[in-house]
Amino acid sequence: MGLLQQLRRGSFRHGIHPPANKQVTAAQPIRRLAFAERLVIPLGQHIGRPSRALVRKGQEVVRGQPIAAADGFVSVPIHAPATGRIHDIRLMPTARGELSESIVLDVYKADTQEVRWREPVAAPNTLTPEQIVQAVQAIGMVGLGGAAFPSHVKLSPPDDKPVDTLVVNGCECEPYLSCDHRVMLERPRDLIRGIELAMRAAGVERAIIGIEDNKLDAVAVLQDALRDNPCIRARAVETKYPQGSEKMLIKSLTGQEVPAGGLPADIGIIVNNVGTLAAIGRLLPRGEGLTERVVTVTGPGVARPGNYIVPLGTPIGFVLQQVGHQGTHTDFVLGGPMMGPSVSDLRTPITKGTSGLLVLNDSEVLKETRRIWPCIKCGQCVSACPMHLNPAQLGQLAVKREFTRMADEYHLNDCFECGCCAYTCPSNIPLVQHFRVAKAYNREHAA
Amino acid sequence: MSKPTIELRATPHIHAPHDVVKIMRNVVFASLPMAAWSIWSYGLSALLLMLAVVASCLLTERLFNRHNNTLGDWSTSITGILLFLTLPPGFPAWMGMLAGFIAIGMGKVMFGGLGMNVFNPALIGRAFVQAAFPVAITTWIPAFFEGRFTRLIPSTLTPPFTIPPETAAWSQQVAVDAFTGATPLAVQKFDHVAAPALHLLTGTTAGSLGEGSALIILACGLYLALRRILDWRIPLAVMAGTWPSAELFHWIDPGVYPDGLFMLLSGGLMPGAWFMATDMVGSPVTPRGVVIYGLLIGIVTVVIRLFGGLTEGVMYAILLGNAATPPDR
């Protein structure tokens with residue numbers, strides 16, 4: 001990594017620099033977690049229509065077998081994460097806080113838990129773009145970065161929006177998380193194979209991997225692996241939250257801006273997360289479904305933090321039992337601390353979109369219980385907002401319940417709730433919460 | 001050991017290590033060197049006046065906010081210290097206390113308290129006493145006068161609601177150098193003699209308590225700018241508005257109009273630009289708004305100084321800038 005490249009690193013304007021807290025987990029290799037006795041697999045764990053269950057109560061399934069089918073194009077199938085027997089299909093708690101229809105699977109304890117169900121595909125090099133898109137859907141792939149948007153939909157842009165660039169998101173800008181970092185270090189071949197498949201599927205000629213410059217070892221590993229590949233480049237970008245948000249990363253890598261309210265495809269770009277592409281590169285050639293994922297389990301409340309391969313559907317209570325946790329006041333966060341939701345129920349399962357399980361405890365949690373002061377118009381939120389909004393003004397309008405004005409005059413809908421404003425607000429005003437309420441209100445009243 | 005509790009929090013779960021109290025406390029710390037310099041220059045009278053003004057501000061805040069503790073946020077102390085720094089050294093303490101009452105009562109509480117004030121509260125207090133006591137507010141005392149740590153300026157302890165005694169003769173007696181009783185701005189305006197920049201930088205000229213040394217003001221301001229408590233664009237924009245417009249008039253008639261450097265270093269421009277215009281509440285939040293605001297203050301200051309009846313225009317320029325700030329910019 002030369003000095004020149006350091007200086008040339010791309011970035012976007014505004015944003016924040018929270019402490020990374022990644023060292024502990026980033027330094028250790030990915031380990032495998034045991035199977036829980038019972039897995040909970042929500043049918044709606046991706047964006048789009050929930051999958052349709054294919055199994056009945058009491059039925060035996062083997063690991064890798066499809067247990068739910070895609071319901072339409074913007075939907076994906078689900079594969080059994082373990083060999084076992086279907087205990088029930090019923091409402092179970094999920095990360096979103098509401099109960100959701102889920103397949104409950106009793107795992108056979110004595111089983112070796114090898115993947116026993118594959119749907120072999122032809123040699124990946126011979127697949128047509130349509131066949132790749134189909135195969136990506138067939139393995140149940142969604143964005144593993146957290147959004148859980150079906151990957152095959154992203155890889156099939158509409159004909160009127162030709163794309164020419166694949167941006168591969170290896171920023172992992174959320175503090176504490178390091179699963180993408182470890183995947184880049186340990187599975188560069190899978191990642192590159194996944195990138196090549198995605199490029200062929202979407203018909204793009206070039207791909208850029210954007211990695212925050214606190215992970216220069218990953219940049220080096222990928223650049224080394226890509227020596228003979230002129231179409232794919234790995235580039236370091238500034239370490240700054242929310243660098244991993246797709247609009248920010250596109251700006252940093254290409255200098256282009258996605259129009260307000262638009263999608264990256266509007267400017268000929270598709271964005272995929274490194275974890276997703278590495279999983280495609282690993283699973284698609286084998287015809288294997290997505291049954292597990294790498295999850296960063298960390299935080300001051302975790303005794304043995306690390307990156308673990310966790311079977312999908314594992315209740316977080318089981319994960320915590322395996323890694324050990326402590327604290328009298330504990331905030332369990334699914335994902336990173338900036339955008340991840342708190343969960344109240346330890347039966348909540350790890351799903352396809354869960355990148356991290358963060359346990360903040362005692363002092364970490366209690367020091368966030370602070371007095372809310374009036375807005376002093378310091379403007380720190382304005383300097384932090386990566387979407388160049390005016391969170392101070394939006395916050396004041398929210399208090400006055402002028403929700404439609406927020407959307408019409410102050411671009412509320414461009415806010416993607418990254419949390420920079422609330423992080424930096426010296427008055428501790430819960431700005432993100434205000435904006436969520438406003439958006440929900442507007443959605444309800446638009447209908 | 002209490003029962004384990006699962007805390008449910010809205011995102012983000014982490015927060016920057018600062019808050020309103022820390023910011024305000026830092027501003028107080030940053031203004032203390034200026035207060036210390038003014039006490040060094042004017043002795044016991046300055047100390048007494050500062051205590052009177054700050055106490056008056058705190059009592060007023062307490063009086064109007066009996067039910068929630070708003071004193072702990074340090075913002076009232078800032079108003080008190082800044083107001084003190086805008087007053088002339090021999091200002092009667094009772095007038096200072098009245099200024100403090102008006103600053104907090106009219107400048108802040110009446111608008112709804114912390115964060116709601118449209119104008120800089122300290123300048124509201126100062127504007128009030130400027131209108132109410134035009135003589136006392138323009139009576140200057142020589143800095144470093146003899147015996148400043150053993151005796152008070154005769155006007156300091158004027159009984160409330162009485163006219164302060166004449167201090168001109170007394171000033172002549174105690175002054176270490178020849179003392180004209182006029183500020184550099186007044187001397188320039190009426191006699192067209194600009195004070196040397198070095199005197200302005202080191203604070204050996206007549207003026208308000210906080211107008212003494214531009215160097216100390218600059219150092220305190222830079223500290224806040226580096227801590228990112230003060231928006232560095234505001235003082236820069238104020239100066240960028242002042243200097244060229246002053247230079248323009250200086251170029252038209254150097255005999256009448258002073259040069260840009262004199263304009264920058266004299267009077268209340270430095271403390272105004274660094275500590276008054278930067279008051280977060282009254283200044284804009286967007287980068288562009290901040291630049292327009294600063295330029296406006298700088299230009300209006302020059303216009304008032306050169307063409308207005310008053311010798312100093314920073315205060316009204318900042319109040320005008322506050323008024324011109326839209327709530328969403």
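Below, read A as the first sequence line, B as the second, and so on, with proteins coming before strands; counting in each chain starts at 1. If you're wondering where the values come from, they're calculated on a predicted model, not measured in any experiment. Side-chain atoms are counted along with the backbone in the values below, which use heavy atoms only and exclude waters and symmetry mates.
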Using non-hydrogen atoms only, which part of [X] is less than 4.5 Å away from chain B: side chain, backbone, both, or neither?
X      : result
A:Q380 : side chain
A:N390 : side chain
A:M339 : backbone
A:C375 : backbone

Mind telling me whether A:F403 and A:Y441 have parallel, tilted or perpendicular rings, with 30° and 60° as the class edges?
->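 Geometry flag for A:F403 against A:Y441: tilted rings.
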
Determine the interplanar angle of the A:H388 and A:H14 rings, folded into 0 to 90°, and report it as parallel if under 30°, tilted if 30 to 60°, perpendicular if over 60°.
->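 Parallel, since the angle between the ring planes stays under 30°.
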
Any luck finding a side-chain donor-acceptor pair between A:H329 and B:E7 under 3.5 Å?
-> yes

Could you tell me whether the side chains of B:T11 and A:R436 share a donor-acceptor contact shorter than 3.5 Å?
->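 A:R436 and B:T11 do have a side-chain donor-acceptor pair below 3.5 Å.
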
Should the heavy atoms of other residues, nucleotides or ligands under 6.0 Å from CE of A:M387 be counted, would the total exceed 12?
->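 Yes.
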
Pull out the residues in residues 218-244 of chain B that come under 4.5 Å of chain A, heavy atom to heavy atom, sorted by number.
->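 Under the 4.5 Å heavy-atom cut-off, B:R228 qualify.
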
Does A:K251 have any salt bridge (charged side-chain N to carboxylate O under 4.0 Å, His left out) partners at least two apart in sequence or in another chain, and if so, which?
->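 By the salt bridge (charged side-chain N to carboxylate O under 4.0 Å, His left out) rule, A:K251 matches A:E257.
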
Heavy-atom distance under 4.5 Å to chain A: side chain of B:L8, backbone, both or neither?
->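 When you check distances to chain A, atoms from both the backbone and side chain of B:L8 fall under 4.5 Å.
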
Leading residue by heavy atom contact count with chain A [cutoff under 4.5 Å; candidates B:G113, B:G112, B:G115, B:A16] = B:A16

Between A:K240 and A:E212, is there a side-chain N and carboxylate O pair less than 4.0 Å apart?
->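 Looking at A:E212 together with A:K240, the answer is no, because their closest N to O distance does not fall below 4.0 Å.
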
